[in-house]
2 protein chains.
Amino acid sequence: MNKVKNFLQMHLDNTDKKILQKLQKNSKITNKELSNGLSLSVTAVFERIKRLERNGVISDYVALVKPDKIEKAFMVLTQIKLVQHTKSNVIQFEAEVVKLPEVLECYHVSGEYDYILKVRVKDMEAYREFMLTKLTNLEHIGSTQSTFIISSVKSTTALPL
Amino acid sequence: MNKVKNFLQMHLDNTDKKILQKLQKNSKITNKELSNGLSLSVTAVFERIKRLERNGVISDYVALVKPDKIEKAFMVLTQIKLVQHTKSNVIQFEAEVVKLPEVLECYHVSGEYDYILKVRVKDMEAYREFMLTKLTNLEHIGSTQSTFIISSVKSTTALPL
DNA sequence: GCTGAAAAGCGAGTGGG
DNA sequence: CCCACTCGCTTTTCAGC
(Lines give C-alpha, C1' and ligand atoms only; values in the text may rest on other atoms or scores of the structure.)
Protein backbone atom coordinates (compact mmCIF):
# COMPACT_ATOMS: atom_id res chain seq x y z
CA MET A 1 0.00 0.00 0.00
CA ASN A 2 2.76 2.43 0.79
CA LYS A 3 5.40 1.58 -1.76
CA VAL A 4 5.30 4.98 -3.38
CA LYS A 5 7.82 5.56 -6.09
CA ASN A 6 8.60 9.13 -6.84
CA PHE A 7 8.62 9.15 -10.57
CA LEU A 8 7.89 12.76 -11.31
CA GLN A 9 5.39 11.71 -13.89
CA MET A 10 4.19 8.52 -15.49
CA HIS A 11 2.32 8.42 -18.71
CA LEU A 12 -1.41 7.90 -18.36
CA ASP A 13 -3.33 6.85 -21.43
CA ASN A 14 -7.08 7.08 -21.77
CA THR A 15 -7.58 3.60 -20.38
CA ASP A 16 -5.65 4.49 -17.24
CA LYS A 17 -7.74 7.62 -16.85
CA LYS A 18 -10.99 5.72 -17.18
CA ILE A 19 -9.83 3.22 -14.56
CA LEU A 20 -8.87 6.04 -12.20
CA GLN A 21 -12.19 7.79 -12.70
CA LYS A 22 -14.04 4.64 -11.73
CA LEU A 23 -11.83 3.81 -8.76
CA GLN A 24 -12.07 7.35 -7.42
CA LYS A 25 -15.83 6.92 -7.24
CA ASN A 26 -15.96 3.32 -6.07
CA SER A 27 -12.89 1.31 -5.17
CA LYS A 28 -14.97 -1.82 -4.53
CA ILE A 29 -15.68 -2.24 -8.22
CA THR A 30 -14.23 -5.54 -9.41
CA ASN A 31 -11.59 -5.87 -12.09
CA LYS A 32 -14.12 -7.86 -14.05
CA GLU A 33 -16.62 -4.99 -14.04
CA LEU A 34 -13.84 -2.61 -15.02
CA SER A 35 -12.74 -4.84 -17.87
CA ASN A 36 -16.25 -4.77 -19.34
CA GLY A 37 -16.81 -1.37 -20.87
CA LEU A 38 -13.10 -1.04 -21.48
CA SER A 39 -12.97 -4.02 -23.82
CA LEU A 40 -9.95 -5.34 -21.99
CA SER A 41 -9.10 -8.52 -20.16
CA VAL A 42 -9.30 -8.79 -16.40
CA THR A 43 -5.56 -9.34 -16.22
CA ALA A 44 -4.80 -6.22 -18.21
CA VAL A 45 -6.93 -4.15 -15.85
CA PHE A 46 -5.25 -5.81 -12.90
CA GLU A 47 -1.76 -5.00 -14.18
CA ARG A 48 -2.64 -1.39 -14.91
CA ILE A 49 -4.00 -0.87 -11.43
CA LYS A 50 -0.89 -2.41 -9.87
CA ARG A 51 1.26 -0.11 -11.96
CA LEU A 52 -0.76 2.92 -10.84
CA GLU A 53 -0.31 1.83 -7.22
CA ARG A 54 3.44 1.18 -7.63
CA ASN A 55 3.97 4.57 -9.20
CA GLY A 56 2.06 6.32 -6.42
CA VAL A 57 -0.71 7.61 -8.66
CA ILE A 58 -3.14 5.79 -6.42
CA SER A 59 -1.94 6.60 -2.92
CA ASP A 60 -4.60 4.94 -0.81
CA TYR A 61 -7.88 3.11 -0.65
CA VAL A 62 -10.11 4.50 2.09
CA ALA A 63 -13.61 4.35 3.48
CA LEU A 64 -15.40 7.69 3.60
CA VAL A 65 -17.46 8.37 6.71
CA LYS A 66 -20.47 10.70 6.79
CA PRO A 67 -19.62 13.46 9.28
CA ASP A 68 -23.17 13.96 10.50
CA LYS A 69 -23.45 10.29 11.44
CA ILE A 70 -20.60 10.51 13.91
CA GLU A 71 -21.29 13.93 15.40
CA LYS A 72 -18.80 15.83 13.30
CA ALA A 73 -21.30 17.86 11.32
CA PHE A 74 -19.88 21.24 12.31
CA MET A 75 -17.16 22.47 10.02
CA VAL A 76 -15.06 25.58 10.22
CA LEU A 77 -12.31 27.11 8.10
CA THR A 78 -9.88 28.68 10.50
CA GLN A 79 -7.38 31.21 9.23
CA ILE A 80 -4.22 31.70 11.24
CA LYS A 81 -1.50 34.31 11.36
CA LEU A 82 1.83 33.51 12.98
CA VAL A 83 3.51 36.14 15.13
CA GLN A 84 6.83 35.66 13.38
CA HIS A 85 7.74 33.72 10.26
CA THR A 86 11.09 32.31 11.22
CA LYS A 87 11.83 28.87 9.86
CA SER A 88 11.84 27.25 13.30
CA ASN A 89 8.48 28.82 14.15
CA VAL A 90 6.95 27.54 10.94
CA ILE A 91 8.33 24.05 11.44
CA GLN A 92 7.17 23.85 15.02
CA PHE A 93 3.70 25.15 14.27
CA GLU A 94 3.24 22.74 11.39
CA ALA A 95 4.46 19.79 13.42
CA GLU A 96 1.94 20.51 16.13
CA VAL A 97 -1.06 21.26 13.96
CA VAL A 98 -0.58 17.97 12.12
CA LYS A 99 -1.18 16.15 15.40
CA LEU A 100 -4.63 17.63 15.97
CA PRO A 101 -7.25 15.10 14.80
CA GLU A 102 -9.93 17.80 14.46
CA VAL A 103 -7.79 19.41 11.76
CA LEU A 104 -8.50 17.51 8.57
CA GLU A 105 -6.55 19.81 6.30
CA CYS A 106 -3.97 22.51 6.80
CA TYR A 107 -2.57 24.69 4.05
CA HIS A 108 0.13 27.31 3.94
CA VAL A 109 -1.46 30.04 1.87
CA SER A 110 -0.95 33.37 0.18
CA GLY A 111 -2.79 36.43 1.37
CA GLU A 112 -3.38 38.16 4.64
CA TYR A 113 -3.25 35.02 6.76
CA ASP A 114 -0.55 32.34 6.76
CA TYR A 115 -2.56 29.15 7.16
CA ILE A 116 -6.04 27.86 6.54
CA LEU A 117 -7.29 24.87 8.51
CA LYS A 118 -10.33 22.76 7.81
CA VAL A 119 -11.68 21.78 11.21
CA ARG A 120 -14.45 19.32 12.03
CA VAL A 121 -16.10 19.05 15.43
CA LYS A 122 -19.54 18.29 16.88
CA ASP A 123 -20.95 21.79 17.27
CA MET A 124 -20.17 25.38 18.12
CA GLU A 125 -19.55 24.54 21.74
CA ALA A 126 -17.00 21.88 20.73
CA TYR A 127 -15.34 24.37 18.41
CA ARG A 128 -15.05 26.87 21.22
CA GLU A 129 -13.43 24.17 23.30
CA PHE A 130 -11.09 23.26 20.46
CA MET A 131 -10.05 26.88 20.05
CA LEU A 132 -9.45 27.49 23.74
CA THR A 133 -7.74 24.27 24.71
CA LYS A 134 -5.91 23.26 21.54
CA LEU A 135 -5.51 25.88 18.86
CA THR A 136 -4.65 28.95 20.84
CA ASN A 137 -2.28 26.84 22.91
CA LEU A 138 -0.08 26.27 19.90
CA GLU A 139 3.18 28.19 19.88
CA HIS A 140 3.69 31.24 17.69
CA ILE A 141 0.04 31.81 16.87
CA GLY A 142 -0.86 35.43 16.30
CA SER A 143 -4.44 36.04 15.30
CA THR A 144 -7.13 33.72 13.99
CA GLN A 145 -10.30 34.15 12.03
CA SER A 146 -13.08 31.58 11.78
CA THR A 147 -15.30 31.10 8.76
CA PHE A 148 -18.27 28.85 9.48
CA ILE A 149 -19.68 26.45 6.94
CA ILE A 150 -23.39 27.02 6.49
CA SER A 151 -23.85 24.21 4.01
CA SER A 152 -21.78 21.91 1.85
CA VAL A 153 -22.70 22.37 -1.79
CA LYS A 154 -20.16 19.93 -3.16
CA SER A 155 -17.54 17.70 -1.65
CA THR A 156 -15.61 15.09 -3.58
CA THR A 157 -12.24 13.40 -3.40
CA ALA A 158 -12.31 12.61 -7.12
CA LEU A 159 -9.82 14.64 -9.15
CA PRO A 160 -10.76 15.48 -12.72
CA LEU A 161 -9.12 13.46 -15.48
CA MET B 1 -23.13 1.14 -2.08
CA ASN B 2 -25.83 3.78 -2.10
CA LYS B 3 -28.46 2.32 0.19
CA VAL B 4 -28.15 5.10 2.70
CA LYS B 5 -30.61 5.02 5.52
CA ASN B 6 -31.22 8.27 7.23
CA PHE B 7 -31.25 7.28 10.82
CA LEU B 8 -30.34 10.51 12.49
CA GLN B 9 -27.91 8.69 14.66
CA MET B 10 -26.86 5.14 15.35
CA HIS B 11 -24.96 4.13 18.40
CA LEU B 12 -21.25 3.54 17.87
CA ASP B 13 -19.36 1.65 20.53
CA ASN B 14 -15.59 1.61 20.86
CA THR B 15 -15.28 -1.42 18.60
CA ASP B 16 -17.20 0.35 15.83
CA LYS B 17 -14.97 3.35 16.22
CA LYS B 18 -11.82 1.28 15.97
CA ILE B 19 -13.13 -0.39 12.83
CA LEU B 20 -13.96 2.99 11.30
CA GLN B 21 -10.54 4.37 12.17
CA LYS B 22 -8.86 1.48 10.38
CA LEU B 23 -11.13 1.58 7.36
CA GLN B 24 -10.69 5.33 7.00
CA LYS B 25 -6.97 4.76 6.63
CA ASN B 26 -7.05 1.59 4.57
CA SER B 27 -10.22 0.07 3.20
CA LYS B 28 -8.37 -2.89 1.69
CA ILE B 29 -7.70 -4.35 5.11
CA THR B 30 -9.34 -7.78 5.42
CA ASN B 31 -11.94 -8.62 8.03
CA LYS B 32 -9.49 -11.14 9.40
CA GLU B 33 -6.83 -8.52 9.95
CA LEU B 34 -9.43 -6.29 11.59
CA SER B 35 -10.57 -9.08 13.87
CA ASN B 36 -7.03 -9.51 15.20
CA GLY B 37 -6.26 -6.68 17.56
CA LEU B 38 -9.94 -6.29 18.31
CA SER B 39 -10.28 -9.73 19.93
CA LEU B 40 -13.36 -10.36 17.86
CA SER B 41 -14.42 -12.95 15.33
CA VAL B 42 -14.33 -12.36 11.61
CA THR B 43 -18.10 -12.73 11.44
CA ALA B 44 -18.64 -10.09 14.10
CA VAL B 45 -16.41 -7.65 12.24
CA PHE B 46 -18.19 -8.44 9.01
CA GLU B 47 -21.60 -7.81 10.53
CA ARG B 48 -20.52 -4.56 12.13
CA ILE B 49 -19.17 -3.23 8.85
CA LYS B 50 -22.35 -4.16 7.00
CA ARG B 51 -24.38 -2.38 9.65
CA LEU B 52 -22.20 0.72 9.32
CA GLU B 53 -22.74 0.64 5.56
CA ARG B 54 -26.50 0.11 5.84
CA ASN B 55 -26.85 3.00 8.25
CA GLY B 56 -24.86 5.30 6.00
CA VAL B 57 -22.03 5.83 8.43
CA ILE B 58 -19.71 4.55 5.74
CA SER B 59 -20.84 6.33 2.60
CA ASP B 60 -18.27 5.19 0.08
CA TYR B 61 -15.11 3.30 -0.63
CA VAL B 62 -12.78 5.24 -2.91
CA ALA B 63 -9.27 5.30 -4.30
CA LEU B 64 -7.30 8.45 -3.52
CA VAL B 65 -5.16 9.83 -6.33
CA LYS B 66 -2.04 11.93 -5.79
CA PRO B 67 -2.71 15.30 -7.44
CA ASP B 68 0.89 15.93 -8.48
CA LYS B 69 1.00 12.63 -10.37
CA ILE B 70 -1.81 13.66 -12.68
CA GLU B 71 -0.92 17.30 -13.19
CA LYS B 72 -3.35 18.71 -10.66
CA ALA B 73 -0.77 20.01 -8.21
CA PHE B 74 -2.02 23.60 -8.24
CA MET B 75 -4.68 24.31 -5.68
CA VAL B 76 -6.62 27.47 -5.02
CA LEU B 77 -9.28 28.49 -2.55
CA THR B 78 -11.62 30.80 -4.41
CA GLN B 79 -14.00 33.01 -2.48
CA ILE B 80 -17.09 34.19 -4.26
CA LYS B 81 -19.68 36.86 -3.65
CA LEU B 82 -23.03 36.71 -5.40
CA VAL B 83 -24.55 39.90 -6.73
CA GLN B 84 -27.91 39.14 -5.17
CA HIS B 85 -28.93 36.48 -2.71
CA THR B 86 -32.37 35.58 -3.98
CA LYS B 87 -33.28 31.94 -3.62
CA SER B 88 -33.34 31.33 -7.35
CA ASN B 89 -29.89 32.88 -7.77
CA VAL B 90 -28.47 30.70 -5.05
CA ILE B 91 -30.02 27.56 -6.47
CA GLN B 92 -28.84 28.30 -9.98
CA PHE B 93 -25.32 29.15 -8.92
CA GLU B 94 -25.01 26.02 -6.80
CA ALA B 95 -26.37 23.79 -9.55
CA GLU B 96 -23.80 25.12 -11.98
CA VAL B 97 -20.78 25.07 -9.71
CA VAL B 98 -21.43 21.43 -8.84
CA LYS B 99 -20.90 20.57 -12.49
CA LEU B 100 -17.38 21.94 -12.66
CA PRO B 101 -14.90 19.06 -12.25
CA GLU B 102 -12.10 21.42 -11.19
CA VAL B 103 -14.17 22.34 -8.14
CA LEU B 104 -13.59 19.58 -5.59
CA GLU B 105 -15.44 21.29 -2.77
CA CYS B 106 -17.87 24.17 -2.49
CA TYR B 107 -19.18 25.57 0.76
CA HIS B 108 -21.73 28.20 1.60
CA VAL B 109 -20.01 30.19 4.33
CA SER B 110 -20.37 32.95 6.87
CA GLY B 111 -18.35 36.13 6.53
CA GLU B 112 -17.66 38.63 3.85
CA TYR B 113 -17.93 36.22 0.95
CA ASP B 114 -20.76 33.79 0.24
CA TYR B 115 -18.91 30.73 -1.03
CA ILE B 116 -15.51 29.13 -0.79
CA LEU B 117 -14.40 26.74 -3.52
CA LYS B 118 -11.49 24.35 -3.45
CA VAL B 119 -10.18 24.27 -6.99
CA ARG B 120 -7.52 21.98 -8.48
CA VAL B 121 -5.85 22.54 -11.82
CA LYS B 122 -2.44 22.02 -13.42
CA ASP B 123 -0.85 25.41 -12.84
CA MET B 124 -1.44 29.14 -12.68
CA GLU B 125 -2.08 29.32 -16.40
CA ALA B 126 -4.75 26.64 -16.13
CA TYR B 127 -6.30 28.51 -13.22
CA ARG B 128 -6.44 31.69 -15.24
CA GLU B 129 -8.17 29.73 -17.98
CA PHE B 130 -10.59 28.22 -15.47
CA MET B 131 -11.45 31.64 -14.10
CA LEU B 132 -11.97 33.27 -17.47
CA THR B 133 -13.85 30.53 -19.28
CA LYS B 134 -15.75 28.80 -16.49
CA LEU B 135 -16.04 30.59 -13.18
CA THR B 136 -16.75 34.14 -14.26
CA ASN B 137 -19.20 32.80 -16.81
CA LEU B 138 -21.45 31.55 -14.05
CA GLU B 139 -24.58 33.57 -13.49
CA HIS B 140 -24.95 35.92 -10.55
CA ILE B 141 -21.28 36.05 -9.62
CA GLY B 142 -20.21 39.35 -8.10
CA SER B 143 -16.61 39.47 -6.99
CA THR B 144 -14.06 36.73 -6.39
CA GLN B 145 -10.88 36.47 -4.40
CA SER B 146 -8.26 33.77 -4.87
CA THR B 147 -6.09 32.36 -2.11
CA PHE B 148 -3.23 30.24 -3.45
CA ILE B 149 -1.96 27.16 -1.66
CA ILE B 150 1.77 27.41 -1.10
CA SER B 151 2.08 24.01 0.51
CA SER B 152 -0.14 21.34 1.98
CA VAL B 153 0.78 20.72 5.60
CA LYS B 154 -1.91 18.13 6.26
CA SER B 155 -4.63 16.54 4.21
CA THR B 156 -6.72 13.61 5.37
CA THR B 157 -10.17 12.22 4.76
CA ALA B 158 -10.19 10.45 8.13
CA LEU B 159 -12.55 11.99 10.64
CA PRO B 160 -11.57 11.79 14.31
CA LEU B 161 -13.31 9.20 16.47
C1' DG C 1 1.54 -5.12 -22.95
C1' DC C 2 -2.18 -8.36 -23.80
C1' DT C 3 -4.79 -12.93 -23.27
C1' DG C 4 -6.80 -17.05 -21.16
C1' DA C 5 -6.69 -20.46 -17.77
C1' DA C 6 -5.32 -22.16 -13.36
C1' DA C 7 -4.42 -21.41 -8.27
C1' DA C 8 -4.98 -19.00 -4.03
C1' DG C 9 -7.54 -16.04 -0.98
C1' DC C 10 -11.48 -13.66 0.55
C1' DG C 11 -16.42 -12.51 0.95
C1' DA C 12 -20.70 -14.10 2.24
C1' DG C 13 -24.01 -17.30 3.74
C1' DT C 14 -25.42 -21.47 6.85
C1' DG C 15 -25.96 -24.18 10.91
C1' DG C 16 -25.22 -24.36 15.40
C1' DG C 17 -23.55 -23.04 20.35
C1' DC D 1 -22.21 -12.54 19.98
C1' DC D 2 -19.10 -16.26 18.36
C1' DC D 3 -17.22 -20.46 15.79
C1' DA D 4 -16.61 -23.89 11.86
C1' DC D 5 -17.65 -25.02 7.55
C1' DT D 6 -19.08 -24.28 3.12
C1' DC D 7 -19.53 -22.14 -1.93
C1' DG D 8 -18.68 -18.81 -5.36
C1' DC D 9 -16.29 -15.08 -6.93
C1' DT D 10 -12.18 -12.18 -7.23
C1' DT D 11 -7.68 -11.55 -7.10
C1' DT D 12 -3.27 -13.00 -8.42
C1' DT D 13 -0.05 -15.78 -10.82
C1' DC D 14 1.74 -17.98 -14.89
C1' DA D 15 2.72 -19.61 -19.64
C1' DG D 16 2.44 -18.01 -24.07
C1' DC D 17 1.62 -14.54 -27.85
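Bear in mind the structure is a predicted one, so any value in this text is a computation, not a measurement. In the text below, chain A, chain B and the rest are named by the order of the sequence lines, each starting its count at 1.
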Side chains of A/Thr147 and B/Tyr113: donor-acceptor distance under 3.5 Å anywhere? no

Exercise. Side-chain donor-acceptor pair under 3.5 Å between B/Gln92 and B/His140, yes or no?
Worked result: yes

* Would you please test A/Asp16 and A/Asn14 for side-chain contact (heavy atoms from CB on, under 4.5 Å) and show each step? => CA-CA 5 Å; A/Asp16 291 322; A/Asn14 283 333; over 6 Å; no

Nearest-Å distance for atom pair [atom1]/[atom2], residues [X] and [N]:
{"X": "B/Leu38", "N": "D/dC1", "atom1": "CG", "atom2": "P", "result": "13 Å"}
{"X": "B/Lys32", "N": "D/dC5", "atom1": "NZ", "atom2": "P", "result": "13 Å"}
{"X": "B/Arg54", "N": "C/dA12", "atom1": "CZ", "atom2": "C1'", "result": "13 Å"}
{"X": "B/Asn36", "N": "C/dC10", "atom1": "CG", "atom2": "C1'", "result": "14 Å"}
{"X": "A/Glu33", "N": "D/dT10", "atom1": "CD", "atom2": "C1'", "result": "11 Å"}

Discussion item. A side-chain contact here means heavy atoms from C-beta on lying under 4.5 Å apart; do A/Phe74 and A/Pro67 qualify?
Written reply: no

Are the charged groups of [X] and [Y] less than 4.0 angstrom apart, N to O?
{"X": "B/Glu105", "Y": "A/Lys154", "value": "no"}
{"X": "A/Asp60", "Y": "B/Lys28", "value": "no"}
{"X": "B/Asp13", "Y": "B/Lys18", "value": "no"}
{"X": "A/Glu53", "Y": "A/Lys50", "value": "yes"}

Against the side chain of A/Arg51, the closest entry in D/dC1, C/dG4, C/dG1 is C/dG1

Distance col, row B/Leu34:CG vs B/Leu40:CG, nearest 0.5 angstrom, shows 9.5 Å

For this session: Could you work out the separation of C/dG17 and D/dC7 based on their C1' atoms and round it to a whole Å?
Result: 23 Å

Can you tell me how far P in D/dT12 sits from the matching atom in C/dA12, rounded to whole Å? 15 Å

DNA chain C in dot-bracket form (Watson-Crick or G-U pairs under 3.5 Å, [ ] crossing, | inter-strand) is ||||||.|||.||||||

Going 5' to 3' through nucleotides 12-17 of chain D and flagging B where a protein heavy-atom sits under 4.0 Å of the base, S where only the sugar-phosphate is that close, and - otherwise, we get SBB---

Check: Do B/His108 and B/Tyr115 have their ring centres less than 6.0 Å from each other?
Finding: yes

Practice problem: Could you give me the CA-CA distance, side-chain angles and deciding distance for B/Lys134 and B/Glu102, then say whether salt bridge (Lys or Arg N to Asp or Glu O under 4.0 Å) is met? | Solution: CA-CA 10 Å; B/Lys134 296 202 173 177; B/Glu102 297 91 343; 2.8 Å; yes

Produce the list of close N/O pairs, under 3.5 Å, pairing protein atoms with atoms of nucleotides 6-9 of chain C; give distances to one decimal.
none

